Amino acid sequence: MAERIKPRTLKGFRDYLPQAMLAREQLIDTAREVFRRYGFAPIDTPALEYLEILTGKGGEETDKQLYKFQDHGGRWVGLRFDLTVPLARFAAQHFQQLGTPLKRYHIAPVWRGENTQRGRYREFLQCDFDTLGSESLTADIETVLVIHDLLRALGLEEFTIRVNNRRVLNGWLELLGLKDQATAVLRALDKLAKVGPEKVIQEMIQRTGATPHQAQEVLRLAQIQGPTDQVLRQAAELLSCSELGTQGVEELSQLVRAAQVAGVPPQRLCVDLSIARGLDYYTGTVYETFLVPLPQIGSVCSGGRYDNLVELYSPEHLPGVGASLGLDRLLAAMEELGLLPQGATPAQVLLVHFQTQDLEHYLQVASALRAQGVNVDLFPEPKRLEKQLKYADRRGFRFALILGPDELEQGCCQLKDLQQRSSRQFPLDELEQLAQFILQQCSQGVGAPSGKRL
RNA sequence: GUGGCUGUAGCUCAACUGGUUAGAGCGCCAGACUGUGGAUCUGGAGGUUGGGGGUUCGAGUCCCCUCAGCCACCCCA
C-alpha cells in the first residue's frame, strides 16, 4: 500500500454529519416555507462568476475576501461572495422575460476567504430573499415581516431587528460636510456598539480627516436612544434642514408603524441610528438582526435597500430591497443554546429484523407504512432484539415495530413507543390505522424534540 | 491578512521539574442473554500524542515551520 492520504478539510470548510444535516435541512425547509408564504419564488445561479461581475461593488474589503483564480481557459473567475451581487447580474440579464416586481429567494452557499471564528466560516449557506423593481416602502415593510416570521418559524423568540436608513445617515453627513468621506465615516460608525464612542471618534478623525467637532456631531445623531417615537422625533429635528434626511426619517417611522400594525412586537423591532452596514451598495433601509441571548455571534439576518446596484449591469433602473439569513451562523448559535433537534434519523419507525425467513413480511409492512407517509427504517440483518432496540434508542427513533414469529402467527404487530416506554398491538390487516397512529403521535410536539424554545 | 491561546483514541480529558511499553471515562464492536431499549459484568478494536523538522543519551512535554480550532483586530451571515 502506497502512502495513505490524510483525510482532512480546508480551514473554514466543514463536513456535515447526519445529525447536523437534519437540523440544517429543517431550517432550510422552514425558510423556504416562509419565503413562499410571501410569494417569493426560487432561483439559482452559478457558484462561479466572471470576476468583473463580483468585483463591481461592495468595497475593497470584500474584494480582498474574494476567492478568485484563472480557469483552464485563462478567464479570471471568482466564487460568489454573497447572493445579492449575483442577483443584480441575474436581474439585469433576465428581467425582460420575468417582468417586475421580481420577488425571488435563493438558498445557496457563498464563499469568503477571511479568518474563521465560531459562526464564521469560509463556506456558508445564505438564505436570501429580495424584491426587485419596486421603490415602494411596502417592500421594505414586508422585508421586516419576513425576517420576523422567519425567526419565529425557526423557533426563536428573543431577537431584535435593528433598522436604520442610509438616507438619514447620508442626510446628516451632508449637513456636516462629510458627504465625500461617507463610506469611511459609516464604517467607523458601524463599530459603535462594539468599541464605544471614544474609539469611533478617534477612528473618524484619523481615517477620514473629520474634525473632532464633525465626529462628535455624527455621534450626536447615532447615539440617540430611547423609545422609537422619541428617537425618530429627535432625528427629525436634527435633520429638518436636510431633504434627504427628512425623507429617511419619514420612511423609518412609516416602516416601524406598519410593522407594528402587522403584528411585530415593539421589543423585537428597534430603530438604531448607528447601524450603517459595511456594504457600499445600500441606499435606504438597512436591517440587522441579533439574538438577545447571544449578541457576540453577530447579526444572523441582515440586508437593506440598494436602489442603484443593478445599474452596474444594466441601463434599466431596478431598485431592490431584501435580506439574508445566515443559516450556518444561526445554526452555530442554536447549537450553543441547545435548540437543535437531537435525533440522528429522519425515520419515525425502526422495523425490527427478527429472522430473515420473514423478510417478505417485513418488506410488505414497510411498503404499506411508507405508502401512508411513514418513514420506516428496516434493520438490514437479524441481530439480537436488544441490539436493535438499542440502536433505535440511540438514533432517536420514536417507535420500534416488532414483527416476530409470535406476532405473525397472531396476525398482528407490536408497536413500541420508545419515548413513552409503552407498547401496543395492531392488526396486520389494518396497517392504515397503524400508520395514522404513528403520524398522529409524531405530529404532536413538532419541532425540536428537546421542546426548548429560545 | 495581522496578533494571542490551544491541539493527546470517535468524544471529554489524564500522564511530577523532559525519563521505560501514553492511561481513564463515555461511545463503538462482540459475548454473558437467537424475543424486548437509556442498567450490570467480561472481552475487543481504536494512537506514528494534528503533520514535518530540530535540540537531547532520551521529546506528549523544549525550539522552529506547517495545518487546524478558538479569541481579538478587520470585516461580516
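Proteins get letters first, then strands, A, B, ... in listed order; numbering begins at 1 in each. All of these numbers come straight from a predicted model, not from anything done at the bench.
- Listed pair A/K191 / B/C75 meets the phosphate criterion, a side-chain N or O lying under 4.0 Å from OP1 or OP2.
- Taking atom C1' in both B/C29 and B/A15, the straight-line distance is 28 Å, to the nearest Å.
- Residue contacts shown for A/G12 are limited to sugar-phosphate atoms, with no base heavy atom under 4.0 Å away.
- Taking side-chain N and O atoms only, A/T116 has a distance below 4.0 Å to OP1 or OP2 of B/G69.
- For B/U61 and B/U48, the P atoms lie 15 Å apart once the distance is rounded to whole Å.
- In this structure, B/G43 and B/C29 make a Watson-Crick or G-U wobble pair, each of the two defining distances being under 3.5 angstrom.
- Contacts of A/R118 with the nucleic acid, taken as non-hydrogen atoms under 4.0 Å apart, involve only primed sugar atoms and P, OP1 or OP2.
- Heavy atoms from other residues, nucleotides or ligands lying under 6.0 Å from CD of A/Q355 number more than 12.
- When distances run from any side-chain atom of A/Q117 to the nucleotides B/G38, B/A77, B/C74, the shortest one goes to B/C74.
- Taking a 6.0 Å sphere around CD of A/Q420, one finds it holds more than 12 heavy atoms contributed by other residues, nucleotides or ligands.
- Note on A/K383: only backbone sugar-phosphate atoms sit closer than 4.0 angstrom, heavy atoms only; bases stay farther off.
- Straight-line distance from the CD atom of A/E123 to the P atom of B/A68: 15 Å, rounded to whole Å.
- Side-chain to base pairing of A/R112 with B/A77: one donor and one acceptor N or O lie within less than 3.5 Å of each other.
- Nucleotides B/U6 and B/U17 place their P atoms 15 Å apart, quoted to the nearest Å.
- A/Y281 has its OH atom 13 Å from the C1' atom of B/C75, to the nearest Å.
- When heavy atoms are screened at a 4.0 angstrom cut-off, A/I297 is found touching no nucleic acid atom at all.
- The minimum heavy-atom distance between A/E123 and A/P109, with the atom names listed, is CG-CB, 4.4 Å.
- Across all strands shown, B/U61 remains unpaired; no Watson-Crick or G-U wobble contact has both distances below 3.5 Å.
- Where A/S422 and A/Y121 meet RNA chain B, the nucleotide closest to each residue was compared, and A/S422 sits on the side nearer the 5' end.
- Distance, A/Y391 OH to B/A30 P: 13 Å, rounded to whole Å.
- The separation of B/U42 from B/A24, taken at their P atoms, amounts to 13 Å, rounded to a whole angstrom.
- To the nearest angstrom, C1' of B/A77 lies 5 Å from CZ of A/R329.
- Around the CD atom of A/E381, the shell of radius 6.0 Å holds more than 12 heavy atoms that belong to other residues, nucleotides or ligands.
- Within the 4.0 angstrom heavy-atom criterion, base atoms lie near A/E407.
- Taking the side chain of A/N115 as heavy atoms from C-beta on, and the options B/U2, B/A77, B/U34, the nearest nucleotide is B/U2.
- Checking B/A30, B/G35, B/A72 against every side-chain atom of A/K387, the shortest atom distance belongs to B/A30.
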Carefully, step by step, assess A/D393 and A/K390 under the rule salt bridge (charged side-chain N to carboxylate O under 4.0 Å, His left out).
CA-CA 5 Å; A/D393 194 37; A/K390 202 166 182 179; over 6 Å; no
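- Base-pair partner of B/U2: B/A72 (Watson-Crick or G-U wobble, both distances under 3.5 Å).
- For the C1' atoms, the distance from B/U56 to B/G19 is 12 Å, rounded to whole Å.
- Listed for the A/S423 side chain is no donor-acceptor partner under 3.5 Å among the backbone atoms of A/K416.
- Using Watson-Crick or G-U wobble geometry with both donor-acceptor distances under 3.5 Å, B/U12 finds its partner in B/A24.
- Remark: A/K191 NZ is packed, more than 12 non-hydrogen atoms of other residues, nucleotides or ligands lying under 6.0 Å away.
- Using a 4.0 Å heavy-atom distance criterion, A/C127 is classed as making no nucleic acid contact.
- Only the P atoms considered, B/U21 is 26 Å distant from B/C11, to the nearest whole Å.
- A donor and an acceptor atom sit less than 3.5 Å apart, one in the side chain of A/Q414 and one in the base of B/U36.
- Look at A/Q355 and you won't find any side-chain N or O under 4.0 angstrom from OP1 or OP2 of B/U34.
- Within a 6.0 Å sphere centred on OH of A/Y50, other residues, nucleotides and ligands contribute 12 heavy atoms or fewer.
- For A/I402, counting side-chain heavy atoms from C-beta on, the closest listed nucleotide (B/G3, B/C67, B/U36) is B/U36.
- At the heavy-atom level, A/G298 lies nowhere under 4.0 Å from the strands shown.
- Within the 4.0 angstrom heavy-atom criterion, no nucleotide atom of any strand lies near A/P382.
- Rounded to an integer number of Å, the gap from CD of A/E114 to P of B/C73 is 13 Å.
- A centroid separation of 6.0 Å or more is found between the aromatic rings of A/F40 and A/Y105.
- Per the geometry, NZ belonging to A/K416 stands 10 Å off P belonging to B/U36, to the nearest Å.
- Residue A/L389 places its side chain closer to B/U36 than to any other of B/U36, B/A32, B/A77.
- A/K11 has its NZ atom 12 Å from the C1' atom of B/U66, to the nearest Å.
- Between the side chain of A/E386 and the base of B/A32 there is no donor-acceptor pair of N/O atoms closer than 3.5 Å.
- The gap from the P atom of B/G60 to that of B/G1 amounts to 31 Å, rounded to the nearest Å.
- For B/U36, there is no paired nucleotide, since no Watson-Crick or G-U wobble pair has both relevant distances below 3.5 Å.
- Among the heavy atoms of the strands, none lies under 4.0 Å from A/D328.
- Within the nucleic acid shown, A/F354 comes within 4.0 Å of at least one base atom, counting heavy atoms only.
- Among the protein residues, A/G119 comes within range of the nucleic acid bases, having at least one heavy atom under 4.0 Å from a base atom.
- Summarising the geometry, the separation between CZ on A/R394 and P on B/C26 is reported as 11 Å, rounded to the nearest angstrom.
- Between B/G25 and B/G44, the distance separating the two P atoms is 13 Å to the nearest Å.
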